[in-house]
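First up is the structure itself, then whatever we jot down about it.
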There are 2 protein chains.
Amino acid sequence: MSIKQQRRGTGSATISDVARLAGFSPMTVSRVINGGGNVKESTRDAINAAIKELNYSPNPAARSLAGVEPIRIGLLYSNPSAAYLSEVLVGSLDRASRIDVQLVVARCEPPENYREATEHLLERGVHGLILTSPLCDLQEVVDVVTEGDQPVVALAGGKPSDDLITINVDDFEAAYAMTKHLIGLGHQRIGFIIGSPLQAASGRRLEGYRAALAEAGIPVDDALIQQGHFTYRSGLAAADKLMELAAAPTAIFASNDDMAAAAVAVAHRRGLDVPNDLTVCGFDDTAFASSIWPELTTIRQPIAEMARTAVDMLTDEILAHRAGKSLPREHRLAAFELIKRQSDAPPKNSK
Amino acid sequence: MSIKQQRRGTGSATISDVARLAGFSPMTVSRVINGGGNVKESTRDAINAAIKELNYSPNPAARSLAGVEPIRIGLLYSNPSAAYLSEVLVGSLDRASRIDVQLVVARCEPPENYREATEHLLERGVHGLILTSPLCDLQEVVDVVTEGDQPVVALAGGKPSDDLITINVDDFEAAYAMTKHLIGLGHQRIGFIIGSPLQAASGRRLEGYRAALAEAGIPVDDALIQQGHFTYRSGLAAADKLMELAAAPTAIFASNDDMAAAAVAVAHRRGLDVPNDLTVCGFDDTAFASSIWPELTTIRQPIAEMARTAVDMLTDEILAHRAGKSLPREHRLAAFELIKRQSDAPPKNSK
DNA sequence: GTGAAAGCGCTAACAG
DNA sequence: CTGTTAGCGCTTTCAC
């Protein structure tokens, strides 16, 4: 009798290899892998040891062929966040491919089609959703998306709630840190441009600014706080108001880079040098921040990393859901970073 | 005898369904699907008809389990092109997922790690590569990437050559169209800011500008042509030189949006209104173009669409390669679009 | 608690 | 040119 010829072995260990090594049947190994029901403690340990030793990992193709539904995650994005988008995609793709999760991305432009986009994704069979900024802050979108019982994570935005898993940097702390940095430079009159009132992060950033001022014993002057909407144009208007003040600020901290860039433009139009006559700082570290001159000192959110986390958390939720368990909604904070570039300096007439 | 029970049918048609309907064996169907070698014309037609009727599409899991290596495409990107990146990703992902091609993305920061990045991708078993701008224009990167015999497509950049499949808009025609647009507005003195001499597109854009001028019978004034490097800073310097000219231009056409934005900033610093005192146009339609005020009239490249095409072309190449055939290197041009926004107007003292 | 048998949908190898 | 057989790696069903 001739030796059976391996037709096409990938070389990597199979469930049978593990079974043989552990001295059990493939079936039992399968049970162990899939959070199995009834397996003796000792058996489970033996099998896990074998798995480790062989560096075994299940073949996803075989698995899905045999009937296990692969995990699918939907990612909803909207144009306004285009600056984030590439980082979000790079991060989530990277993780998704590593843990064999399918990622389906769909564009969603409220108020037009957020319902359709969501339904489209659900029809495609996704088991959970990632909502990117600024979608996370639109209540109507959140409502639609959390209608079913699939888990949803809001990435960089959104109000932590019972319906949503959220992943954010600590906007309060970040704004606090930046303001403190400015105070440390010697600034006393620091203008602040608020972000869109529609996004939860705006309020948190404003509070951080206030807190740092309070801590330094600098009274908050309401004239130094101008409303913006995260757009360049709104930044232009807000910065103009700030510069027209009798006692104009020596520094402007804008709630995002677009508005900070606008503040720089306003300063230039008025013949002011940045940073020598005016310090300007932003938030987000988008491409904008390092494209203009001077490059902006700003706060960087580790978006790619946060996207990776989002995929992980969602996957855990989906697995838990499948197993009939239920995890509490987590609200994770990621570490921000203050990126010092060329747009800040001590105020002119500091000693 | 009892009817065999379907254990877990996904419901969708299988290769056997098709075979039954067409009156052949599954194997023959398989041959037809996979560019099969020896199948009678009539058989092939019958099977294709059955496929269409059943709306059959092969199950990728079963396929890969049965030993067909799935197609993997590597996508190399570099930070400078961050503006493109999201569009590139969205487009290529979309197409890749639709035709069941795996996409592996890797970051590559020349001159540091382009060799490692490429090798990393090749180790991961990719069968072809997509090179995004500005990587396509770095000869050393192109050299490394085309070292093996895997096909490579250069997306938006690169010199059409025998080693590279390229996909570009017709930079010459696009610049020609924009210049003609400016002339149509009544401008006679049109400044031009050249892009980086390192990128092939820069030269093509300059030629388009020249051609439109020539056609209109406007003599080319070399003082109106300034060198830039695609960066905001270089745009600042170039625009400054242009504005200092005794006979300053009434319009500036910059080879990308960053430099156009810089030109706007320079105009503002000099107390000039855009577009009433100076028209400024860009190229690329990056986020920058519509973030600043006034929003830039610019040329839009359909990057997402081009990325989709890239995936398609590469897949065809890989398939041909597997079948032992070899396709000629194609150099595709995509249709650009002139996006009219608020930064252009007729010159001030036109009738 | 554990295992044996069967089959998911497809394709490589080998006939005819 | 076409069909038969076997098996990819896994899980389900059902038996012990």
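Here is how names work: the chains are called A, B, and so on, in the same order as the sequence lines, proteins then strands, and each is numbered from 1.
As rounded to whole Å, 11 Å separates atom P of D:dT2 from atom CG of B:Asp45. One interatomic measurement links the two molecules: CZ of B:Arg44 to C1' of D:dT2, which rounds to 13 Å at whole-angstrom precision. B:Asp17 has its CG atom 13 Å from the C1' atom of C:dC10, to the nearest Å. Atom pair B:Lys40:NZ and D:dC1:C1' shows a separation of 8 Å (rounding to whole Å applied). Rounded to a whole Å, the CD atom of B:Glu69 is 15 Å from the P atom of C:dT11. One atom, CD1 of B:Ile15, and another, C1' of C:dA12, lie 13 Å apart when rounded to the nearest Å. Here the P atom of nucleotide C:dC8 and the CG atom of B:Leu65 are 13 Å apart, to the nearest Å. Rounded to a whole Å, the CD1 atom of A:Ile47 is 12 Å from the C1' atom of C:dG3.
Considering only side-chain atoms of B:Ala66, the nucleotide from D:dG7, D:dC10, C:dG3 that sits closest is D:dG7. The nucleotide whose nearest atom lies closest to any side-chain atom of B:Ser25 is, among D:dT4, D:dC8, C:dT2, D:dT4. Out of C:dT11, C:dA12, C:dT2, the shortest distance to the side chain of B:Met27 is found at C:dA12. With C:dG9, C:dT11, D:dT2 as the choices, the nucleotide that has an atom nearest any side-chain atom of B:Thr14 turns out to be C:dG9.
Side-chain atoms of A:Ser30 do not come within 3.5 Å of backbone N or O of A:Pro26 as any donor-acceptor pair. Remark: side-chain polar atoms of B:Asn168 are not paired, donor with acceptor, to backbone N or O of B:Leu333 under 3.5 angstrom. Looking at B:Thr132, its side chain does come within 3.5 Å of a backbone N or O of B:Leu76 through a donor-acceptor pair.
Between A:Asp312 and A:Arg308 there is no salt bridge, since none of the side-chain N atoms of the basic residue sits less than 4.0 Å from a carboxylate O of the acidic one.
B:Arg329 pairs by the salt bridge (Lys or Arg N to Asp or Glu O under 4.0 Å) definition with B:Glu317, not counting sequence neighbours.
Counting non-hydrogen atoms under 4.0 angstrom, A:Thr43 reaches the backbone sugars and phosphates but no base.
Closest approach of B:Lys159 and B:Leu164 over heavy atoms only: O-CD2, 4.2 Å.
Distances shown here put every side-chain N or O of A:Ser30 at or beyond 4.0 Å from the OP1 or OP2 atom of D:dC10.
For the helix from C:dG1-D:dC16 to C:dG16-D:dC1, the rotation axes defined at the first and last 5 base pairs enclose an angle of 30°, given to the nearest 10°.
When each of B:Glu41 and B:Ala62 is assigned the nucleotide of DNA chain D bearing its nearest heavy atom, the one mapping closer to the 5' terminus is B:Glu41.
Checking each of A:Val142, A:Leu155, A:Val153 against A:Leu131 for a side-chain contact (heavy atoms from CB on, under 4.5 Å) leaves exactly one that passes, namely A:Val142.
Interface remark: the B:Arg31 side chain does form a donor-acceptor pair with the D:dG3 base, using a distance-only criterion of under 3.5 Å.
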